[in-house]
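In what follows, residues are counted from 1 in the order of the sequence shown.
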Amino acid sequence: MEYSTEYLNLLSEQYPSIKSACSEIIRLQARQKLPKLTEHFMSDIHGEYEAFLHILKNASGVIKDKITSIYGRTLSESDRQLLCTLIYYPQQKLDLIKRQVENIDDWYKITLYRLIEICRLVASKYRRATVRSFLPESFGDTIDELIHSDRDFGSDKEGYYNECINSIIELSQADAFIVDISKLIQTLAIGRLHIIGDIFDRGPRADIILDRLLNYHSVDIQWGNHDVQWMGAAAGSLACIATVLSISTRYSNFDCIEDGYGINMRPLTVFAMETYGGDDCECFALRNPNHVTLSQHDSALWAKMHKAISIIQFKLEGQLIKRHPEFKMDNHLMLDKIDYEKGTINLDGKVYELRDKNFPTVDPADPFRLTQEEQTLMESLRSSFLHSQKLQQHIRFMYSKGSMYLCYNNNLLYHGCIPMNEDGSFTKVEIGGKIYSGKSLLDKAEQLAREGYFGKIGSPQKEYGEDFLWFLWCGNRSPVYGKNKMTTFERFFISDKDTWEEIKDPYYRLVEKPETCDKILEEFGLDPNDFTHIINGHVPVKIKIGESPVKAGGKLLVIDGGMAKAYHEQTGIAGYTLLFNSHGLLLSAHDAFESVSSAISQEKDIHSTLENIDTAPRRLLVADTDMGKELQQRIDALHALVRAYRNGTIRGKVK
């Protein structure tokens, strides 16, 4: 590659001599030969913060594997598990251990040596400068010395090494040191975290998950349909706000709304009691997968709130669909198909009796119009969503670290699907008078999703973007949804389960074929003949009925195993995660997480089964990654600078 003199002059400001440029080349070329860092993939977390945080702490078994590789022959299984638990929950576990161990100083000495060895191993893939950047302020220098010192007995530094350990114990700093080095081990165990969508809904505290991700050292997010719904709500979309609250009431879960984001639900409670006080709202009885303890009175109140916000949701969705005929979502319109006198609904020429016939806020002549009370309620709720500082911080983070898809280290990551036709061609979608399909559809969707949040208030671009965020949540041909419709109304009001069917996009059948995956990879600029894969989530893999997360001969990996408790009965497990290390891909299937207290007191880790999915043709190095390609570009430019210094094109600077 040819470099302009102007570019080389700019580069010479940073490397003003042959010596400095060559020094940087040496550093970068050496870095290229380090093993590839481990990537950790998680999907469809759905607010299950305890399970998420535990899996994050144990790195889907990476830390346990490292401990086994060092101490598999010298420590019992129970001793190794104690070490694992100590690393996952250092402060809490120390409190228990100190009440149980007689000679705590001896225990400290043995444990410190072991933790240093584990830290040394997980740090071995990193440059020393990178490890230093992760070191805690308090014991950073000491940890740096200990994990990089000569560990052989009889070495010149043996006395120094031992004195460091003894001093830590004598000065009563062992607890603090163990906490710091345990957190460092957790950090170094994973080089990059990928969240393949759906952080929100169902589980209790998506906000706690995002608080943790905000401070994670390296993370990216591919938006799921539940995420874009919350992104739309934070942007001010009334349809998205109503949907967020409908799902929260359905799962008896206001902890995230009220405790996490400080959004006051009293206006909805008052409205529901005033409007549906005499209605048992039986069709809107709660799902309670989180096993929240509710009295009969509370259950009845939640059902009334659920119905109140759901009717508002159906109205707002109807308004939005009528504003945008290009969304082609008329099959979602329900309130205009009801015979309110007979209590029936006509769908596609067939009449069904409604399970609930009480619609006090619906005007049959204008069924999608909000009453004045409903409008006032929604404006109050919109103000709360817009002024929740933590919610806005989290959604800005979702935008800064998120995207519709990501190509990373030869893998293609997205949450849902690439909409396809029955013949295997990419579905063409008209947006703003232009046609988009495949990669261009996802690119356009991301642009509109960003305009919906960041656009100028009151501008047509922002208003359309807000509506498009709702379309992404549940629209036919939405790449993060991938079904012909969402049958929420039918499930509430119609007993005939045939009306509940949601037909999946042809993608989900066609992608079982390797040639379809190859076509998708090529669409996104990846060579299917390389060590490449598609990684997504969205549709829970029902392992209990024989479904496999590995499809198309290993080209496609679906890592939604149902982390949310609501899915456990369907899937038979409690989630999948994926690891991509220098040797290849490992799929981890997890049993349900019992509790943090049992993990600490009884050392009950999540039982996980690791399966080798695809082995790399050779051990992968940094040079084989996207980072390696960037480093090589830098190396090439520096070589050009050295040549320019030597032939006199660029003059070196003399200090």
List in chain and number order the residues that pass salt bridge (Lys or Arg N to Asp or Glu O under 4.0 Å) with D518, two or more places apart in sequence or in another chain; answer none if no residue qualifies. K555
Residue pair S60 / S588, side-chain donor-acceptor N/O under 3.5 Å: no
Contacts of type ring pair (Phe, Tyr, Trp, His ring centres under 6.0 Å), residue Y7, not counting sequence neighbours: Y3
For K57 against Y88, the heavy-atom pair lying closest together: CD-O, 3.2 Å
Report yes if some heavy atom in the side chain of T187 is under 4.5 Å from a heavy atom in the side chain of Y216; otherwise report no. no
Side-chain H-bond candidate by donor/acceptor type, D636 with Q632, under 3.5 Å: yes
Applying side chain to side chain contact (heavy atoms under 4.5 Å, CB included), run through S43 and N536 and close with a yes or a no. CA-CA 8 Å; S43 172; N536 71 355; over 6 Å; no
May I ask you to check whether D614 and H533 show a side-chain donor-acceptor distance below 3.5 Å? yes
Quick one about H538 and Y414 (side-chain donor to acceptor, distance below 3.5 Å, no hydrogens or angles considered), yes or no? no
To check you understand the geometry: which heavy-atom pair defines the closest contact between W223 and M398, and what is its length? NE1-O, 3.0 Å
Would you say N166 and Y108 are linked by a side-chain donor-acceptor pair, where the criterion is simply a distance under 3.5 Å? no
Can you list everything that forms a ring pair (Phe, Tyr, Trp, His ring centres under 6.0 Å) with H194? Sequence neighbours excluded, please. F41, Y408
Cationic tip of K36 within the cone over F580's six-membered ring, i.e. under 6.0 Å and within 45° of the normal? yes
Please name the pair of heavy atoms, one in C407 and one in L526, separated by the smallest distance, quoted to 0.1 Å. SG-CD1, 4.2 Å
If only side-chain N and O atoms count, and only distance matters, is there a donor-acceptor pair under 3.5 Å linking S20 with S23? no
May I ask you to test the L86-L115 pair for a side-chain heavy-atom distance under 4.5 Å? yes
Given side chains that start at C-beta, do those of H226 and H46 come closer than 4.5 Å, heavy atoms only? yes
Could you report the tightest heavy-atom contact between A616 and S582, atom names first, then the distance? CB-O, 4.4 Å
Hey, is D624 close enough to K629 for a salt bridge, meaning N to O under 4.0 Å? no
L585 versus L557: any side-chain heavy-atom pair under 4.5 Å? yes
Minimum side-chain heavy-atom gap D211-H394 below 4.5 Å: yes
Taking the side chain as C-beta and beyond, is there a heavy-atom pair between Y405 and L412 under 4.5 Å? yes
Of all residues at least two apart in sequence or in a different chain, which pass the salt bridge (Lys or Arg N to Asp or Glu O under 4.0 Å) check with E630? none
Does any part of the side chain of R132, heavy atoms only, come nearer than 4.5 Å to the side chain of R127, both counted from C-beta? no
Go through the steps to decide whether S138 and D180 satisfy the test side chain to side chain donor-acceptor pair (under 3.5 Å), and finish with yes or no. CA-CA 8 Å; S138 51; D180 279 353; 2.6 Å; yes
Check: Y71/D79 side-chain N/O donor and acceptor closer than 3.5 Å: no
Smallest separation among heavy atoms of G203 and N253, with atom names: O-ND2, 2.7 Å
Carboxylate-amine/guanidinium contact K439 D443, below 4.0 Å: yes
Just by distance, with hydrogens left out, do Q222 and D227 show a side-chain donor and acceptor under 3.5 Å apart? no
Any chance you could lay out the side chain to side chain contact (heavy atoms under 4.5 Å, CB included) test for L171 and F177, step after step, and finish with the verdict? CA-CA 11 Å; L171 294 170; F177 186 89; over 6 Å; no
Between K125 and N581, is there a side-chain heavy-atom distance shorter than 4.5 Å? yes
Not counting sequence neighbours, which residues clear salt bridge (Lys or Arg N to Asp or Glu O under 4.0 Å) with R128? List them please. D144
For F531 and N411, which heavy atoms make the closest approach, and how far apart are they? O-OD1, 4.5 Å
D207/K390 ion pair, N-O < 4.0 Å: no
Let me know which of I25, I18, L11 forms a side-chain contact (heavy atoms from CB on, under 4.5 Å) with L641. L11
To the nearest 0.5 Å, atom CD of E170 lies from atom CD1 of I168 at 10.5 Å
Gap separating the CD1 atom of I181 from the CG atom of L112, nearest 0.5 angstrom: 7.5 Å
Test ring pair (Phe, Tyr, Trp, His ring centres under 6.0 Å) applied to W230 - qualifying residues, sequence neighbours left out: F200, Y261
May I ask you to decide whether R114 forms a salt bridge with E117, counting only side-chain N to carboxylate O separations under 4.0 Å? no
